[in-house]
Amino acid sequence: MAEHSSTDVKVPLISKIAYGMGDVGCNFSWMFVGNFLMIFYTDVFGISMGAVAALMLFSRFWDAVNDPVIGGLTDKTHSRWGRYRPWLLIAAPLTALVLVLTFWAHPDWPSTTKIVYMAVTYCILVLGYTCVNIPYGTLCGAMTQNIEERAQINTFRSVSAMIAIGIINIVTVPLIAALGGGNDRKGYLLVAIVYGCIFAACHIFCFARTREVVEIPEKEKTSLKVQLTSVARNRPYMIAVAGQFLFGVTLYGRNADALYYFTYVEGNNALFSTYSLCIIIPSIIGAACFPAVFRATGNKGRAASIFALLTGISMFSMYFFTVGETPVPFYLFSCLAQFFFSGFNTAIYAIVPDCVEYGEWKTGLRNDGFQYAFISLGNKAGMAIGTSVLAGVLGALGYVANQQQNPAALAVIKHSFTTVPGVLWIVTAVVLYFYRLNKKAYNQIVREIQGRKG
């Protein structure tokens with residue numbers, strides 16, 4: 001009876017809010033890291049661009065090991081709280097502590113010591129984030145099998161995330177200055193303490209106010225080879241992984257570049273807060289528009305494709321304007337890009353739980369955590385390539401921290417904020433256009449799965 005009712009279950013409003021708060025917590029950790037850690041390493045900690053680029057690439061080999069392992073462990077977890085929720089309760093506070101240590105700068109240390117400290121803290125932070133984010137992402141599919149309810153849950157998640165990202169981007173630069181009193185080392189550390197506490201508190205709230213109602217079938221030990229084979233046969237899922245990889249390259253490469261762009265191209269890092277303030281309302285509205293586009297298309301992948309295409313066109317257009325000379329079109333295209341990106345962000349995560357049902361229907365194997373692990377790995381592999389290529393190219397072109405940059409470095413910083421992500425978003429749109437799992441097919445698949453269970 002529990003399995004059948006999970007198809008029709010309506011998730012309480014407080015649970016949707018609590019699930020959304022989980023992504024608020026995620027962003028107070030991961031978006032802070034994505035947007036500020038690279039410039040913290042180069043301009044505050046005093047680590048070379050080359051070392052940062054190497055770390056970003058190395059850490060993805062680390063992810064390739066720990067993401068599937070953690071995903072598999074979450075599927076095997078048994079507790080009175082469910083499979084996924086206990087991870088939020090235990091891993092989030094520990095990860096918050098590592099976040100603080102990651103932003104504890106020692107610019108006076110020898111170069112080798114700094115690089116070792118950076119590598120160790122960053123790799124532990126990535127592992128901690130994986131232990132929180134994979135069960136958090138998988139939890140959506142365990143809350144209900146109703147495709148409309150899942151779309152709503154992911155809309156709550158995305159709207160919450162956009163509000164959190166907006167707040168982080170608006171307040172972080174002034175907060176570093178205010179708490180540090182002109183000392184960036186102190187400022188970054190105190191901000192990391194504040195954000196770490198928010199990260200832990202949001203996930204504890206998510207743990208407390210959500211429930212797992214979808215019964216995952218008990219299964220015998222399944223070999224890695226069998227799991228990988230089943231994943232490879234799941235075409236909608238493979239398209240989702242490709243979309244997540246491109247999403248990671250584009251989003252995190254551009255985010256890592258943003259503060260460099262406003263500091264060195266526009267000449268004032270305070271403009272980053274102004275820019276972030278302008279795009280927060282479009283980001284919230286864009287995230288909330290996903291259900292309407294999904295209803296119109298009946299296909300989450302197509303909805304994501306439309307949003308990605310329009311994001312790309314808007315970002316590419318930003319190249320032709322600057323805050324100093326043409327502020328109105330610059331901010332107009334910034335708002336449009338963020339509006340469409342937010343819709344995409346909702347859609348791309350809403351796809352994942354549906355692919356799990358497709359995989360169970362196609363192969364007979366249900367492995368939510370394992371599949372979400374590869375979604376996470378795809379996204380983080382993209383992040384590694386986006387940030388490491390940016391750091392590597394800037395290092396090769398002679399980037400010098402806290403100095404006026406040469407024309408070649410400035411050109412790369414500007415293109416990395418506008419045309420490069422613009423083109424990559426258009427490529428992402430093409431990939432996701434081929435996602436075929438529409439609402440009608442999904443509902444038929446769920447009925448067939450339940451028919452087999454009898």
Side-chain angles (χ1 to χ4, degrees), residues 30-43 47-57 60 165 169 173 245-269 271-272 274-276 279 308 311-326 329-331 333-334 336-338 340-341 344-345 379-429:
W30 204 238
M31 202 52 64
F32 177 47
V33 167
N35 291 8
F36 294 93
L37 187 61
M38 187 167 141
I39 202 165
F40 166 79
Y41 280 152
T42 58
D43 290 21
I47 297 169
S48 71
M49 273 284 185
V52 174
L55 170 72
M56 294 301 167
L57 276 180
R60 292 306 80 95
I165 291 167
N169 289 343
V173 172
F245 171 74
L246 288 164
F247 176 37
V249 173
T250 313
L251 173 69
Y252 292 108
R254 185 176 189 260
N255 284 357
D257 183 67
L259 207 48
Y260 290 97
Y261 174 81
F262 287 106
T263 302
Y264 297 111
V265 176
E266 298 286 0
N268 181 3
N269 70 353
L271 286 171
F272 179 66
T274 310
Y275 163 80
S276 302
I279 64 175
T311 303
I313 293 168
S314 303
M315 280 189 188
F316 196 95
S317 302
M318 288 175 65
Y319 176 78
F320 303 101
F321 309 101
T322 64
V323 177
E325 295 176 8
T326 47
F330 177 87
Y331 283 122
F333 282 110
S334 296
L336 284 172
Q338 191 66 19
F340 295 125
F341 160 71
F344 172 86
N345 187 63
N379 188 264
K380 288 195 282 188
M383 176 185 181
I385 290 171
T387 51
S388 62
V389 168
L390 174 66
V393 171
L394 287 177
L397 292 175
Y399 172 87
V400 182
N402 304 307
Q403 302 291 325
Q404 176 62 38
Q405 305 305 324
N406 64 61
L410 287 174
V412 166
I413 290 170
K414 182 167 183 178
H415 279 292
S416 298
F417 192 65
T418 54
T419 59
V420 174
V423 169
L424 287 171
W425 276 118
I426 293 167
V427 173
T428 307

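What you see is a predicted model, and the numbers here were worked out from it, not measured in a lab.
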Nearest atoms (heavy-atom pairs only) where [X] meets [Y]:
X      : Y      : answer
Phe320 : Phe316 : CE1-O, 3.9 Å
Ser334 : Ile279 : O-CG2, 3.7 Å
Pro421 : Met315 : CB-SD, 3.8 Å
Leu336 : Ser314 : CB-OG, 3.7 Å
Asn169 : Ser276 : CB-OG, 2.9 Å
Ala256 : Thr387 : CB-CG2, 3.8 Å

Open item on the list: Determine whether Thr42 and Val52 satisfy the following criterion, side-chain contact (heavy atoms from CB on, under 4.5 Å), listing intermediate values before the conclusion.
Closed with: CA-CA 8 Å; Thr42 58; Val52 174; 4.1 Å; yes
Within this structure, what is the [atom1]-[atom2] distance for the pair [X] and [Y], rounded to the nearest 0.5 Å?
X      : Y      : atom1 : atom2 : result
Gln338 : Thr311 : CD    : OG1   : 8.5 Å
Met31  : Ile165 : CE    : CD1   : 4.0 Å
Leu390 : Ile413 : CG    : CD1   : 7.5 Å
Leu251 : Phe341 : CG    : CZ    : 4.5 Å
Ser388 : Leu55  : OG    : CG    : 10.0 Å

- [ ] Evaluate the ring planes of Tyr264 and Tyr260, with Trp represented by its six-membered ring, and classify them as parallel (under 30°), tilted (30 to 60°) or perpendicular (over 60°).
- [x] parallel
Give a yes or no answer on whether the side chain of [X] reaches the backbone of [Y] with a donor-acceptor pair at less than 3.5 Å.
X      : Y      : value
Arg254 : Phe417 : yes
Thr326 : Pro329 : no
Asn406 : Leu397 : yes

Open item on the list: My understanding is that only residues two or more places apart in sequence, or in another chain, count here; which of them pass side-chain contact (heavy atoms from CB on, under 4.5 Å) with Val323?
Closed with: Phe262, Glu266, Leu271, Phe330, Tyr331
- [ ] May I have all residue pairs that pass salt bridge (charged side-chain N to carboxylate O under 4.0 Å, His left out) and include part of residues 403-422, sequence neighbours excluded?
- [x] none
- [ ] Quick one: do Thr419 and Met318 satisfy side-chain contact (heavy atoms from CB on, under 4.5 Å)? Show the steps, please.
- [x] CA-CA 8 Å; Thr419 59; Met318 288 175 65; over 6 Å; no
Task: Derivation of the side-chain contact (heavy atoms from CB on, under 4.5 Å) call for Phe245 and Ile385 - done: CA-CA 10 Å; Phe245 171 74; Ile385 290 171; 3.6 Å; yes
- [ ] Show your reasoning for whether ring-ring contact (aromatic ring centres under 6.0 Å, His included) applies to Phe344 and Phe247.
- [x] CA-CA 9 Å; Phe344 172 86; Phe247 176 37; 5.3 Å; yes
TODO: Evaluate side-chain contact (heavy atoms from CB on, under 4.5 Å) for Tyr252 paired with Asn379, printing each intermediate quantity in order.
DONE: CA-CA 9 Å; Tyr252 292 108; Asn379 188 264; 3.3 Å; yes
Side chain to side chain, [X] and [Y], heavy atoms closer than 4.5 Å:
X      : Y      : answer
Met38  : Met49  : yes
Asn268 : Thr263 : no
Asn255 : Met383 : no

